[in-house]
A.B. asks: 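Structure provided below as structure tokens; questions to follow.
Keep in mind it's a predicted model, so treat the numbers as computed, not measured.
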Amino acid sequence: MTTKKNIRLPKSKGIETASVYTSEACKEKIKHFVLPDNNRQIIEEFIAIQGMKPKFEEAEVPLPNKVVMFGTPGTGKTLTAYYLAHRLDLPLIIVRLDAIIHSHLGETGSNIRKIFEYAKLANCVLFFDEFDALARARDSIDEVKEMARVVNTLLQCLDEFNGDSIFLAATNLQEELDYAIWRRFDTRMTYEPPKAKELHLFLAKLLGDSAENLELIETSIPLLQGSSYAEIEQIILKAKRTTLIQDCKMSYDTIVNAYNAYNPAYMKKQLKFAVE
């Protein structure tokens, strides 16, 4: 499935309302991507179902086409969007909230409708990150009337969303989403920091899986457990820079020093790991 030609992204404030990534560009983004078993099962089943459209139509069962991802930052929600777009061989359309949200009355809702209309015409994976900025519960919004209109527009767009495109939304504040919005999603995925198994796989992708590195990975897991994928990647990159500057080999001490220098944001109290 490919994007139809001559269908232009809508603009707002003179700029395009989304960034577009080809399936091949998405492939480059997911070189280090790791999914926990439960989310991998959900995604693989979702992908398999997309190839069974005639069977589902014959049984009069609608195909799932709306996925919401929620959980702590840096745990793979955006990478899942890249992964799904690559696997389905569809372009990924990442909506720009700075372009969509407008101070003028009614403009935000109009921009939302335009981007959904684009997705209905151009087969794609349409991705809204920080979805809570648009879909907050209507009884918890200060500017009730205008933002309630935005939520109502979203509900209408989700109800009318059909064809071969897929809608993805991600949020770190799932408890703030309007309940009616929640009900529109047929697939829900929870994200959290990697457990030991996922952490081992991720570090093997970042460091390599030689026998020497596998020993280093096992030693490093207790140190890094509890950090997000994004935090771990930055820690390992900092350690790699140190090895290049000092012309030395990667070691546990190097990773510890990088960890302490980076000071992962998830920590509620500062942990110190002494280098002997």
Side-chain angles (χ1 to χ4, degrees), residues 1-10 16-71 75-97 100 112 114-131 135 154 157-171 181 184-191 198 201-202 205 229:
M1 293 182 286
T2 57
T3 305
K4 298 174 185 177
K5 295 181 180 179
N6 303 320
I7 301 173
R8 298 180 65 86
L9 274 168
E16 290 186 340
T17 52
S19 300
V20 182
Y21 295 85
T22 65
S23 174
E24 280 304 304
C26 289
K27 183 180 180 180
E28 284 298 306
K29 295 282 188 178
I30 57 174
K31 289 186 291 188
H32 301 145
F33 182 49
V34 173
L35 266 173
D37 290 342
N38 57 330
N39 280 350
R40 181 170 294 281
Q41 182 177 347
I42 292 170
I43 283 291
E44 293 302 325
E45 181 179 277
F46 185 91
I47 292 169
I49 288 173
Q50 303 310 309
M52 302 168 67
K53 187 174 182 178
K55 186 175 184 178
F56 274 69
E57 286 180 343
E58 184 178 351
E60 298 183 347
V61 175
L63 264 71
N65 66 349
K66 304 179 192 72
V67 182
V68 62
M69 303 174 286
F70 52 93
T75 49
K77 297 185 290 295
T78 300
L79 286 177
T80 300
Y82 287 113
Y83 179 78
L84 187 60
H86 173 64
R87 288 289 307 278
L88 293 175
D89 193 23
L90 289 172
L92 175 64
I93 312 298
I94 301 182
V95 174
R96 297 182 55 179
L97 290 182
I100 287 285
I112 289 170
K114 287 175 183 176
I115 197 72
F116 270 91
E117 287 299 321
Y118 170 87
K120 287 166 68 175
L121 294 172
N123 298 344
C124 63
V125 174
L126 179 64
F127 178 47
F128 277 68
D129 199 2
E130 299 182 11
F131 193 50
L154 271 173
C157 290
L158 290 171
D159 286 341
E160 296 166 2
F161 192 71
N162 49 36
D164 292 323
S165 290
I166 305 297
F167 178 72
L168 292 182
T171 179
I181 294 286
R184 265 54 180 193
F185 287 97
D186 42 55
T187 306
R188 302 173 185 177
M189 301 174 67
T190 305
Y191 288 75
E198 291 83 34
L201 291 171
F202 188 54
K205 286 176 178 285
Y229 288 106

A.B. asks: Is the Tyr229 to Phe33 ring centre distance short of 6.0 Å?
C.D. replies: no
A.B. asks: Is it true that the side chains of Tyr118 and Thr17 contain a donor and an acceptor less than 3.5 Å apart?
C.D. replies: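 Side chains of Tyr118 and Thr17: no pair found under 3.5 Å.
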A.B. asks: State which residues pass salt bridge (charged side-chain N to carboxylate O under 4.0 Å, His left out) with Glu130; sequence neighbours excluded, sorted by chain then number.
C.D. replies: none
A.B. asks: Any idea which heavy atoms bring Lys66 and Arg184 closest together, and the distance?
C.D. replies: CD-O, 3.2 Å
A.B. asks: With a cut-off of 6.0 Å (strictly less than), are more than 12 heavy atoms of other residues, nucleotides or ligands near CD of Glu160?
C.D. replies: yes
A.B. asks: Taking the side chain as C-beta and beyond, is there a heavy-atom pair between Pro10 and Ile115 under 4.5 Å?
C.D. replies: yes
A.B. asks: I'd like to check Phe185 versus Leu168 (side-chain heavy atoms, cut-off strictly below 4.5 Å). Are they in contact?
C.D. replies: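 In short, these two side chains do not touch, never coming nearer than 4.5 Å.
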A.B. asks: Check whether any side-chain heavy atom of Val125 sits under 4.5 Å from a side-chain heavy atom of Tyr82, and report yes or no.
C.D. replies: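 No, side chains not in contact.
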A.B. asks: For Ile49 and Pro64, which heavy atoms make the closest approach, and how far apart are they?
C.D. replies: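 The answer is CG2-CD, 3.5 Å.
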A.B. asks: Before giving the answer on side chain to side chain contact (heavy atoms under 4.5 Å, CB included), spell out for Ser19 and Arg96 the whole-Å C-alpha distance, their side-chain angles and the decisive distance to 0.1 Å.
C.D. replies: CA-CA 7 Å; Ser19 300; Arg96 297 182 55 179; 4.1 Å; yes
A.B. asks: Are Glu44 and Arg87 side-chain neighbours, meaning at least one heavy-atom pair lies under 4.5 Å?
C.D. replies: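 Result yes, sub-4.5 Å side-chain heavy-atom pair found.
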A.B. asks: Kindly compute the distance separating CD1 (Ile94) from SG (Cys26), expressed to the nearest 0.5 Å.
C.D. replies: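 Answer for the CD1-SG pair, Ile94 versus Cys26, is 7.5 Å.
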A.B. asks: Nearest heavy-atom pair of Ile112 and Ile100: which atoms, and what distance?
C.D. replies: CG1-CG2, 3.9 Å
A.B. asks: Measure across Leu63 and Lys53 and return the closest heavy-atom pair with its distance rounded to 0.1 Å.
C.D. replies: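 That closest heavy-atom pairing would be CD1-CA, 3.9 Å.
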A.B. asks: Please find the pair of heavy atoms, one from Phe127 and one from Ala170, that lie closest to each other, and give the distance.
C.D. replies: CE1-CB, 3.7 Å
A.B. asks: Ion pair present between Glu117 and Lys114, side-chain N to carboxylate O less than 4.0 angstrom?
C.D. replies: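 Result for this pair is no, no salt bridge flagged.
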A.B. asks: Ignoring hydrogens, what is the shortest heavy-atom contact between Ala18 and Leu9? Give both atom names and the distance.
C.D. replies: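 That would be O-CD1, 3.6 Å.
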A.B. asks: Keeping the roles fixed (side chain from Asp186, backbone from Asn65), state whether a donor-acceptor pair exists under 3.5 Å.
C.D. replies: yes
A.B. asks: Any Lys/Arg nitrogen of Arg8 or Glu16 sitting under 4.0 Å from an Asp/Glu carboxylate oxygen of the other?
C.D. replies: no
A.B. asks: Is there a side-chain contact between Tyr83 and Leu92 (heavy atoms, below 4.5 Å)?
C.D. replies: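 Heavy-atom side-chain distance check fails, nothing below 4.5 Å.
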A.B. asks: Side chains of Thr171 and Phe128, heavy atoms from C-beta outward: is any pair under 4.5 Å?
C.D. replies: no
A.B. asks: With a 4.5 Å cut-off on side-chain heavy atoms, are Met189 and Ile43 touching?
C.D. replies: yes
A.B. asks: Does Lys29, at its NZ atom, have more than 12 non-hydrogen atoms belonging to other residues, nucleotides or ligands within less than 6.0 Å?
C.D. replies: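 Open: at most 12 neighbouring heavy atoms sit under 6.0 Å from NZ of Lys29.
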A.B. asks: Find out whether Gln50 and Ile166 are in side-chain contact, i.e. whether some heavy atom of one side chain is under 4.5 Å from a heavy atom of the other.
C.D. replies: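 Gln50 reaches Ile166 side chain to side chain.
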A.B. asks: Please find out if less than 6.0 Å separates the ring center of Phe70 from that of Phe131.
C.D. replies: no
